[in-house]
Amino acid sequence: MAEIIRMPKMSDTMEEGVIAQWLKKVGDEVKPGDILAEVETDKATMELESYDEGVLLHIGVDEKDAVPVNGVIAILGEKGENIDDLLKDIKSGGDGESSKDTAPKEKESVEKQESAEKKSETKSEKIDTSDINATLITMPKMSDTMQEGTIASWLKKEGDEVKSGDVLAEVETDKATMELESYEDGTLLYIGVEEGDSVEVNGVIAIIGEKGADYKKLLEAHKQEASSGSATESTEETDAPKEKSPEKEEKAKPEQETGSTASSGSNGRIKASPLAKKMAKDKGIDISLVKGSGDGGRIIKKDIESFDPSKVAAADKSSGAMAASPAVGQESFREEKVSQMRKVIAKRLAESKFTAPHFYLTMEINMDKAIEARKSMNEVAPVKISFNDMVIKAVAAALKQHPNVNSAWMGDKIRYNDHVHIGMAVAVDEGLLVPVIRFTDSKSLSQISQEAKSLAGKAKNKELQPKDWEGNTFTVSNLGMFGIDEFTAIINPPDACILAIGGIKQTPIVKDGEIKVGNLMKVTLSCDHRVVDGAIGSAFLQTVKQLLEDPVRLLI
């Protein structure tokens, strides 16, 4: 039977999507996981995957045309299947579902018809929620790779009045911590997810509505809809509000009283407004020492303005003197919930390592001339140029000469990118982020340096937006500043290669028959053998070596 492909909601603010490019055409065979098209949203260009198998019978949206969320964009079905009735229903303004019911079907056995009738009779009547003035708040999809989000902190509590635009909670995704805004006016009737807990995309996290509205009926209706497909334990758990036991409440109170002055959530995350965080950073204040006066102990602007570091230091000194010394030989450990970022890093890199056949090429590069060139450039450059900036520039130039390395494995095809977008691995507290310097080959060293510093700062402050981390065609990872001589890196999908950069080390080298001291840097190229062969990777590394050993070439 034909299946309708609709425009998915790819971000919390998305209202429509533009078909940037169709990767399949009418008549093509489609399997689950195949990319049908590239969709341009309000935040990024994302890939639209198929979840069904069949033949692409109809494309309803031309390239560069927009279609609203849930609008029909294509139809999948069996080869030769008649979809005329389906198309008529869609053109007349229908949703295509009614025609699917009346479309020609293969004759079913009497036994199947009887069992279907019995099932429909035993189905419970649909719960009517039309008289309930309340709205379910679900977890939005805040990035292209997001599958679930963790509630870092609630900024509103049950019973609070909420206006459209108010920030309800801070949500930790796999990429960053973002604010969840309300699009409704009303009272926060129900909170279904505790701080530190995760919920899948589109899972119920709260209910906003008219004070006194029967939100439990709304939850039952939502559960009924979910169970009509396949009931899961998670939907049962969100069925009714969790009642806090008196014991838990009693335990919570002394913990709050005896805790440090830091205003943190149950997962140890500091609860503070973005403005307060910025002010604390500008003033050099350790925000973990500030006591919050906002809702739920949230740190706000006036807390930073009135903060006196000397008082906190004195209090810490007195409490430190009273603290008992730890017992000798006592075993202990602590466990923390895995952050969304760490979950996705684990999943994506495991998939990369065990799916892409890696091989590695290591080469030594003499950086003597690069050191001299950098010193001269920094005398006139508007920003300080680092060796990492020089490597990124050399890699970008080499990729233009070796386009086979600037590629990606797409399953049944290999994509060769004409543009050069270099991802730059940045270490943050929770893991690793890879912001992207776009069109790197067309930028000067000063521009690359400025953009690299800006993106690294955003990554560490969790200020990156989806456009900042999407679209990489090649990745560079540098651990040289940590004293690492050489290492191998796992390929960052969808790239075909990643370059691992070690530190510059003074080493005895033979030059013109004499032993001299040279500044050597080791680099290792990790390659996906499905796309890049040894000879191609070696030629690319040779070009990078030539550019860095004679940096004048970078300026041509």
Side-chain angles (χ1 to χ4, degrees), residues 358-367 369-371 373-374 377 385-408 416-426 432 434-453 455-456 469 471-481 484 486-504 520-528 531-532 534-556:
H358 286 52
F359 74 92
Y360 309 96
L361 301 169
T362 301
M363 184 174 282
E364 286 185 339
I365 299 174
N366 190 320
M367 296 293 285
K369 288 186 179 180
I371 291 170
R374 176 176 175 262
M377 285 187 284
I385 293 167
S386 68
F387 290 114
N388 193 58
D389 302 328
M390 296 178 74
V391 172
I392 290 173
K393 178 65 176 175
V395 166
L399 287 173
K400 295 303 288 184
Q401 295 183 44
H402 304 276
N404 287 354
V405 178
N406 195 37
S407 56
Y416 296 102
N417 299 295
D418 297 323
H419 58 279
V420 176
H421 292 348
I422 294 187
M424 177 185 66
V426 177
L432 194 71
V434 186
V436 179
I437 301 174
R438 299 177 181 278
F439 305 105
T440 322
D441 56 307
S442 62
K443 293 179 177 175
S444 68
L445 274 166
S446 295
Q447 289 174 315
I448 290 171
S449 178
Q450 194 167 13
E451 195 167 336
K453 287 178 175 64
L455 289 170
W469 66 65
N472 49 285
T473 63
F474 187 97
T475 302
V476 169
S477 180
N478 191 345
L479 292 178
M481 68 283 288
I484 302 299
E486 63 176 305
F487 68 103
T488 57
I490 298 174
I491 295 167
N492 178 35
D495 301 348
C497 297
I498 183 172
L499 187 67
I501 306 163
I504 299 172
L520 298 185
M521 178 179 75
K522 287 186 178 180
V523 297
T524 301
L525 184 69
S526 304
C527 306
D528 182 347
V531 186
V532 176
I536 294 171
S538 299
F540 168 78
L541 274 186
Q542 282 284 357
T543 303
V544 173
K545 178 183 175 76
Q546 290 165 7
L547 290 167
L548 288 173
E549 289 189 343
D550 190 7
V552 174
R553 298 186 184 198
L554 294 175
L555 307 176
I556 299 173

Mind checking ring pair (Phe, Tyr, Trp, His ring centres under 6.0 Å) for H402 and listing every partner two or more places apart, or none if nothing turns up?
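H402: no ring pair (Phe, Tyr, Trp, His ring centres under 6.0 Å) contacts found.
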Residue list, ring pair (Phe, Tyr, Trp, His ring centres under 6.0 Å) with F359, at least two apart or on another chain
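Applying ring pair (Phe, Tyr, Trp, His ring centres under 6.0 Å) to F359 gives H529.
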Tell me, do [X] and [Y] make a side-chain contact under 4.5 Å, heavy atoms counted?
X    : Y    : result
V523 : V544 : no
V476 : V395 : yes
P494 : T473 : no
V391 : M521 : yes
F540 : L361 : no
C497 : D528 : no
T440 : I448 : yes
M424 : N388 : yes

How long is the straight-line distance from [atom2] of [Y] back to [atom1] of [X], given to the nearest 0.5 Å?
X    : Y    : atom1 : atom2 : result
S449 : I392 : OG    : CD1   : 9.0 Å
L525 : L541 : CG    : CG    : 5.0 Å
S442 : H419 : OG    : NE2   : 11.5 Å
L432 : I490 : CG    : CD1   : 10.5 Å
D389 : M377 : CG    : CE    : 9.5 Å
F387 : N478 : CZ    : CG    : 11.0 Å

Apply side chain to side chain contact (heavy atoms under 4.5 Å, CB included) to K443 and K393, showing your working.
CA-CA 8 Å; K443 293 179 177 175; K393 178 65 176 175; 5.7 Å; no
Using the test side chain to side chain donor-acceptor pair (under 3.5 Å), find all partners of Y416 that sit at least two apart in sequence or belong to another chain.
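Listed in chain order: nothing, the list is empty.
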Do [X] side-chain atoms and [Y] backbone N/O form a donor-acceptor pair below 3.5 Å?
X    : Y    : value
S538 : G534 : yes
H358 : C527 : no
N472 : V436 : no

So which atom in [X] and which in [Y] form the shortest heavy-atom distance, rounded to 0.1 Å?
X    : Y    : answer
P403 : K400 : CD-O, 4.0 Å
F439 : H421 : N-ND1, 3.0 Å
R374 : I385 : NE-O, 2.7 Å
I437 : E451 : CA-OE2, 3.8 Å

Polar side chain donor-acceptor pair, N404 to S407, under 3.5 angstrom
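There is no such pair (donor and acceptor under 3.5 Å, judged by atom type) between the side chains of N404 and S407.
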Verify whether one side chain among T524 and T362 offers a donor that lies under 3.5 Å from an acceptor in the other.
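A donor-acceptor contact under 3.5 Å links the two side chains.
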Salt bridge (charged side-chain N to carboxylate O under 4.0 Å, His left out) involving D495 - partner list, sequence neighbours excluded
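By the salt bridge (charged side-chain N to carboxylate O under 4.0 Å, His left out) rule, D495 matches no residue at all.
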Can you list everything that forms a side chain to side chain contact (heavy atoms under 4.5 Å, CB included) with S477? Sequence neighbours excluded, please.
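S477 satisfies side chain to side chain contact (heavy atoms under 4.5 Å, CB included) with A425, F487, I498 once adjacent residues are dropped.
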Heavy atoms of other groups near Q450 CD, more than 12 under 6.0 Å
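It does not: Q450 CD has 12 such atoms or fewer within range.
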Quick check: are there more than 12 heavy atoms from other residues, nucleotides or ligands sitting under 6.0 Å from NZ of K369?
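Check fails, neighbour count at 12 or below.
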Check the pair L399 / D441 against side chain to side chain contact (heavy atoms under 4.5 Å, CB included), numbers first and verdict last.
CA-CA 8 Å; L399 287 173; D441 56 307; over 6 Å; no
Under 3.5 Å, which donor-acceptor pairs link side chains of residues 546-556 to any protein atom two or more places apart or in another chain?
| from | atom 1 | to | atom 2 | distance (Å) |
| --- | --- | --- | --- | --- |
| E549 | OE2 | N366 | N | 2.8 |
| E549 | OE2 | K545 | NZ | 3.0 |

